[in-house]
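Chain A is the first sequence line, chain B the second, and so forth, proteins listed ahead of strands; every chain is numbered from 1.
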There are 2 protein chains.
Amino acid sequence: MARAGLTTDLVVAAAADLADESGFDNVTLSALARRFGVKDASLYSHVRSLQDLRTRVALLAGGELIDRIAAAVAGRAGMDALVAFAGAYRAYALEHPGRYAATQIRIDQALIADSPAMRRTAEITYGMLRAYGLGEPDLTDAVRLLRSTFHGYCALESAGGFGADRDVQASWDKAVEALHLALTHWPRETKNDD
Amino acid sequence: MARAGLTTDLVVAAAADLADESGFDNVTLSALARRFGVKDASLYSHVRSLQDLRTRVALLAGGELIDRIAAAVAGRAGMDALVAFAGAYRAYALEHPGRYAATQIRIDQALIADSPAMRRTAEITYGMLRAYGLGEPDLTDAVRLLRSTFHGYCALESAGGFGADRDVQASWDKAVEALHLALTHWPRETKNDD
DNA sequence: GGAGTAGCCTAATCATATTAGGTACCGAGG
DNA sequence: CCTCGGTACCTAATATGATTAGGCTACTCC
């Protein structure tokens with residue numbers, strides 16, 4: 001019986017593909033084993049547990065996502081950068097629903113902290129906001145607003161939460177524009193705004 | 001052996017409580033049966049399936065959420081209403097994480113359509129936005145922006161997604177303020193904005 | 001070419017969902 | 001009071017999936 005030649009990376013990649021095809025919740029060790037023509041138990045040589053597998057997929061997806069965003073944002077600033085950031089974010093979420101869903105799971109904070117993807121994400125996000133001239137704590141508030149809106153929009157959209165006729169892309173563009181506006185006229189901590 | 005005296009409503013309510021305590025994903029028929037001191041199979045007299053149970057919890061939570069929001073928004077307008085809406089939304093999400101998580105699941109569109117909660121939610125949301133004087137399609141875009149931000153923020157917050165020191169309530173207040181600002185200076189469809 | 005290890009397997013256990021069919025308790029009508 | 005029907009709950013069985021323990025075998029390296 002020829003071996004499947006599995007490695008941890010292969011298994012995680014296959015799990016990510018499976019997630020995109022069948023939904024992150026349907027990523028099961030059995031399904032994965034079936035896909036490789038292997039027994040369930042064999043996968044335990046490569047991942048510690050289902051939990052471990054999911055965490056690995058989440059980290060993979062997080063890395064891919066920020067790479068896409070970084071590429072899109074490179075060389076841009078201001079609203080240009082914001083639009084590119086938003087576009088790359090949503091495109092990834094729509095192209096890879098399973099991988100994107102993986103990024104939403106609760107992960108051990110320690111694991112996140114030393115993941116390079118996380119650092120990179122913070123760098124790029126704060127870098128993009130530099131053009132708006134915000135200082136702390138407004139900067140953190142703004143980052144939270146952006147993350148929330150992007151994430152919320154993509155989550156609702158891929159859950160079929162937007163029932164109205166209105167074109168979803170058009171609403172997205174408008175939302176990004178509105179966020180740019182909010183960032184431009186940000187209500188600063190110090191009372192003398194503008 | 002005394003009967004537990006179950007009904008569908010009791011089972012669903014218990015499932016909602018269980019969700020808040022242990023997480024929506026840990027709502028299992030076995031756990032629920034255990035809580036009632038009953039066998040798993042017995043629950044099938046009251047709910048059709050696990051799927052059915054989850055849908056019922058989702059509808060329950062959706063109804064509770066919009067009731068809270070309606071009460072908070074009543075008699076307010078403009079930014080006042082927006083702040084009240086946002087506050088009630090987030091309070092519910094934080095007080096009832098399991099129920100709130102339930103509202104995020106994919107539900108048969110038909111079921112949603114004729115749920116009174118859904119109609120009520122639309123009414124109240126659009127009503128709240130009336131003060132901003134938006135017309136379609138801006139109104140729909142604005143509703144999508146609000147829903148996305150509120151949902152995204154609560155989802156990230158309860159997933160422990162906000163690592164920075166900055167007070168989470170303060171960021172929320174600022175986000176709501178920023179949204180108010182965006183709504184006030186909304187980039188309208190017609191080109192002559194402002 | 002022999003030893004070691006990595007990759008895969010069998011077998012077993014446990015939790016959970018779900019179905020089929022049985023039993024017992026409840027209140028209503030005779 | 002007693003029986004009758006339905007409802008609430010049960011037992012039993014099947015299936016899927018996670019997980020562990022322990023074994024076999026085919027490459028790899030010396």
### Message
Which residues in residues 47-61 of chain B have a heavy atom closer than 4.0 Å to any atom of DNA chain C?
### Response
B:Ser49, B:Leu50
### Message
In this structure, how many angstroms lie between the P atom of D:dA8 and the CG atom of B:Leu32, rounded?
### Response
16 Å
#### Entry: Which atom of B:Ala86 lies closest to which atom of B:Val176, heavy atoms considered
CB-CG2, 3.6 Å
### Message
For B:Gln51, I'd like to know if atom CD has over 12 heavy atoms of other residues, nucleotides or ligands within 6.0 Å.
### Response
no
### Message
Expected output is a numbered-order residue list: members of residues 99-107 of chain B with a heavy atom under 4.0 Å from any atom of DNA chain C. What is it?
### Response
none
### Query
Where is the tightest heavy-atom contact between B:Leu129 and B:Ala142, given as atom of each residue plus distance?
CD1-CB, 4.0 Å
### Message
Side-chain N or O of B:His46 versus OP1/OP2 of D:dT7: is the shortest distance under 4.0 Å?
### Response
no
#### Entry: Test item: A:Asp141 side-chain N/O and B:Lys174 main-chain N/O as donor-acceptor pair under 3.5 Å
no
### Query
Between A:Asp25 (CG) and C:dT16 (P), how many Å, whole number?
17 Å
### Task
Quick one: pull up NE2 in B:His46 and CG in B:Leu29 and give me the separation to the nearest 0.5 Å.
11.5 Å
With a cut-off of 3.5 Å and sequence neighbours excluded, list every side-chain donor-acceptor pair involving residues 58-85 of chain A.
from: A:Glu64; atom 1: OE1; to: A:Tyr92; atom 2: OH; distance (Å): 2.5
from: A:Glu64; atom 1: OE1; to: A:Arg99; atom 2: NE; distance (Å): 3.0
from: A:Asp67; atom 1: OD1; to: A:Arg120; atom 2: NE; distance (Å): 3.4
from: A:Asp67; atom 1: OD1; to: A:Arg120; atom 2: NH2; distance (Å): 2.9
from: A:Arg68; atom 1: NH2; to: A:Glu95; atom 2: OE1; distance (Å): 2.7
from: A:Arg76; atom 1: NE; to: A:Ala72; atom 2: O; distance (Å): 3.1
from: A:Arg76; atom 1: NH1; to: A:Asp80; atom 2: OD2; distance (Å): 3.4

### Message
Nearest 0.5 angstrom please: B:Glu21 CD to B:Asp17 CG, how far?
### Response
6.0 Å
### Summary
In whole angstroms, the gap separating C1' of C:dT18 from OH of B:Tyr44 amounts to 5 Å
Would you tabulate the side-chain donor-acceptor contacts of residues 144-151 of chain B under 3.5 Å, counting partners in other chains and residues two or more places apart, or write 'none'?
from: B:Arg144; atom 1: NH1; to: A:Arg166; atom 2: O; distance (Å): 2.9
from: B:Arg144; atom 1: NH1; to: A:Ser171; atom 2: OG; distance (Å): 3.0
from: B:Arg144; atom 1: NH2; to: A:Ala164; atom 2: O; distance (Å): 3.2
from: B:Arg144; atom 1: NH2; to: A:Arg166; atom 2: O; distance (Å): 3.3
from: B:Arg147; atom 1: NH1; to: A:Gly161; atom 2: O; distance (Å): 3.1
from: B:Arg147; atom 1: NH2; to: A:Gly161; atom 2: O; distance (Å): 3.3
from: B:Ser148; atom 1: OG; to: B:Arg144; atom 2: O; distance (Å): 2.7
from: B:Thr149; atom 1: OG1; to: A:Thr149; atom 2: OG1; distance (Å): 2.8
from: B:Thr149; atom 1: OG1; to: B:Leu145; atom 2: O; distance (Å): 2.9
from: B:His151; atom 1: ND1; to: B:Tyr100; atom 2: OH; distance (Å): 2.9

### Task
For residues B:Phe36 and B:Ala14, report the shortest heavy-atom separation together with the two atoms involved.
CZ-CB, 3.4 Å
### Query
Taking the six-membered ring of B:Tyr153, is NZ or CZ of B:Arg90 closer than 6.0 Å to its centre and within 45° of its axis?
no
Under-3.5 Å N/O pairs linking protein and nucleotides 11-16 of chain D:
none

### Query
Rounded to whole angstrom units, what separation is found between the CG atom of A:Asp40 and the C1' atom of D:dA21?
16 Å
### Task
Measure the distance from CG on A:Leu43 to C1' on C:dC8 and round it to the nearest whole Å.
10 Å
### Task
Identify whether any heavy atom of B:Ser45 sits under 4.0 Å from a base atom; if not, whether one sits that close to sugar-phosphate; answer base, sugar-phosphate or nothing.
base
### Task
Applying ring-ring contact (aromatic ring centres under 6.0 Å, His included), name anything that partners A:His180, two or more places apart in sequence or on another chain.
A:Tyr132
